[in-house]
Amino acid sequence: MIPKHRNTDAYTNSIEAPTYQSASYYFNNAEHVTAGLHERSVPAGRYGRYSNPTWVEVEERLSELSEAESSLVFASGMAAHVTAFLALLEAGDEVVLPSESYRQVRNLFHSILSKFGIKVHEFSIRDPEDFVGKVAALRGRVKLVHLEMPSSPHMYLIDVARVREAAGPDVVITLDSSFSPPPNFYPLKWGVDLVLFSATKYLSGHGDIVAGVASGREELIEKIRWYRDITGPVLDGNTAFLLRRSLYTLLIRMERVNAMGLEIARYLESQPSVDRVYYNGLESHPHFELAQQYLHGYGGVITFELKLTEEQTAEVVDRLRLPFMASNFGAPHTLVEQSTFFTYNEYSDEELRIIGVPRGTVRLSLGYSNEVSAIIKDLDQALAHVHD
Ligand code: PLP
């Protein structure tokens with residue numbers, strides 16, 4: 001028999017707040033329903049799709065981390081994107097999108113939001129100056145500019161402050177910062193209105209949950225909250241608890257992968273069988289100057305191109321013993337993917353040429369639980385066979 005009232009007072013000195021795993025919340029009587037549910041004059045849980053104290057705690061911590069007025073958590077990074085765009089856009093609106101943005105965000109705009117009369121202008125960010133010029137040319141027409149940086153796999157960056165100037169003050173700028181969470185990048189300081197994350201990556205940092213986040217101005221967050229209330233892409237209490245716990249170590253984890261990233265990127269750059277390395281901390285990165293301006297650390301994802309065919313590259317990747325062959329980043333384990341077998345599997349030679357992804361392209365996502373020396377040793381033995 002479930003007691004009608006639980007006495008939790010004796011435990012309110014728990015250092016960690018409890019995890020709330022409840023679909024609904026009870027009221028003591030009709031007066032409590034009126035005050036707690038309708039008038040909201042007394043604090044009370046309402047219903048599991050609208051709020052959960054564990055989310056609220058993690059949302060407050062996320063706002064502190066991103067230096068945002070307010071934040072919301074979602075069931076996935078994509079859920080955060082979809083809900084934000086549904087809330088911020090209307091039929092007839094025009095949007096700018098980088099052609100290097102995450103594949104499913106592009107699909108969302110081209111195949112789903114387009115059905116509701118939203119028009120997309122897609123431009124490459126490879127030449128940052130050119131991108132700013134394209135945004136400026138559309139000034140007055142565009143309602144929202146969506147950015148993502150660094151992009152994958154080339155880690156391209158955007159001159160965010162100049163995009164803000166070019167777009168004008170009334171345009172909403174959203175930025176997917178999944179690859180560059182705090183303390184590496186603070187987009188809201190540079191004129192971005194809303195920062196979006198796949199919290200599946202660095203924010204949760206253990207490779208064990210799927211979650212998303214939107215942080216920004218209160219007024220925008222409240223609009224998005226209304227859509228989340230209705231559409232329901234919410235976290236359960238336990239997943240919110242895991243995210244909350246992970247955030248305690250975000251800065252430590254980022255510090256570690258930032259140091260690992262720089263060391264391994266430099267190692268790769270010194271290898272004769274490696275043609276190019278894309279890592280924002282290397283002077284050879286085409287957007288190194290933007291990295292100096294905007295980033296405080298360069299993260300744990302490194303893309304490199306081998307001077308090899310697709311088959312030879314696959315042999316090298318297959319010889320690696322330490323990383324899992326998988327597509328994610330920000331996890332404790334190191335992951336590796338050959339780009340033309342994962343994200344660009346269906347691209348023709350011509351399409352690969354246009355986006356600048358040779359068949360020898362490999363993306364390495366460093367796991368903070370691995371030692372740099374062990375990763376280098378493993379890369380060494382795999383690359384050694386290239387000269388056989
Ligand atoms: N944004 C970026 C840059 C991503 O890499 C991903 C996923 O890989 C997403 C958004 C989507 O996030 P999720 O997988 O949590 O829905």
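Here, residue 1 is the first one in the sequence, and each next residue gets the next number. Every number for a ligand or one of its atoms is a count from 1 in the order of the listing. These numbers come from the heavy atoms of this one structure, side chains and all, not from hydrogens, waters or symmetry mates. Bear in mind that the values here come from a model prediction, so they are computed numbers and not experimental data.
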**Student:** Do S63 and S71 meet the criterion of a side-chain donor-acceptor pair at a distance under 3.5 Å?
**Tutor:**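 Present: a donor and an acceptor within the cut-off.
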**Student:** Residues in ring pair (Phe, Tyr, Trp, His ring centres under 6.0 Å) with F324, at least two apart?
**Tutor:** H333
**Student:** Note the single closest protein heavy atom to atom 8 (O) of ligand 1, along with its residue, its atom name and the distance in Å.
**Tutor:** K201 NZ, 2.7 Å
**Student:** With heavy-atom distances below 4.0 Å as the criterion, list the atoms of ligand 1 near S76.
**Tutor:** 15 (O), 16 (O)
**Student:** Please confirm whether F197 approaches ligand 1 to less than 4.0 Å, judged on its heavy atoms.
**Tutor:** no
**Student:** How long is the span from the CD1 atom in I354 to the CG atom in D349, to the nearest 0.5 Å?
**Tutor:** 11.0 Å
**Student:** Backbone N or O of I125 within a donor-acceptor pair of the D130 side chain at under 3.5 Å?
**Tutor:**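 Here the side-chain-to-backbone pair does not exist.
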**Student:** CG of L113 to CD1 of I118: how many Å apart, nearest 0.5 Å?
**Tutor:**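 Result: 4.5 Å between the selected atoms.
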**Student:** So if I count the atoms of ligand 1 from 1 in the order they appear, which ones are less than 4.0 Å from some heavy atom of E148?
**Tutor:**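 Under 4.0 Å from E148, ligand 1 has these atoms: 3 (C).
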**Student:** Of all the non-hydrogen atoms in the protein, which one sits nearest to atom 1 (N) of ligand 1, and at what distance?
**Tutor:**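 Nearest neighbour among protein heavy atoms for atom 1 (N) of ligand 1, to 0.1 Å: D176 OD2, 2.6 Å.
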**Student:** Do ligand 1 and H81 have nitrogen or oxygen atoms that lie under 3.5 Å from each other?
**Tutor:** no
**Student:** Side chains of Q104 and N107: is there a donor and an acceptor less than 3.5 Å apart?
**Tutor:** yes
**Student:** Are any of the N or O atoms of F329 closer than 3.5 Å to those of ligand 1?
**Tutor:** no
**Student:** Specify the protein heavy atom at minimum distance from atom 15 (O) of ligand 1: its residue, its atom name, and the distance to 0.1 Å.
**Tutor:** T200 OG1, 2.6 Å
**Student:** Give the atoms of ligand 1, by number and element, whose distance to some non-hydrogen atom of A211 is under 4.0 Å.
**Tutor:** 15 (O)
**Student:** Among protein heavy atoms, which sits nearest to atom 16 (O) of ligand 1, and what does the distance come to when rounded to 0.1 Å?
**Tutor:** M78 N, 2.9 Å
**Student:** Which atoms of ligand 1 sit under 4.0 Å from any heavy atom of G77?
**Tutor:**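 In order of number, 12 (O), 13 (P), 15 (O), 16 (O).
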**Student:** For atom 11 (C) of ligand 1, what's the nearest protein heavy-atom neighbour? Residue, atom name and distance, please.
**Tutor:** Y102 CE2, 3.6 Å
**Student:** Quick check for you: to the nearest 0.5 Å, what is the distance between L157 atom CG and M149 atom CE?
**Tutor:** 4.5 Å
**Student:** Any side-chain heavy-atom pair from M254 and Y368 closer than 4.5 angstrom?
**Tutor:** no
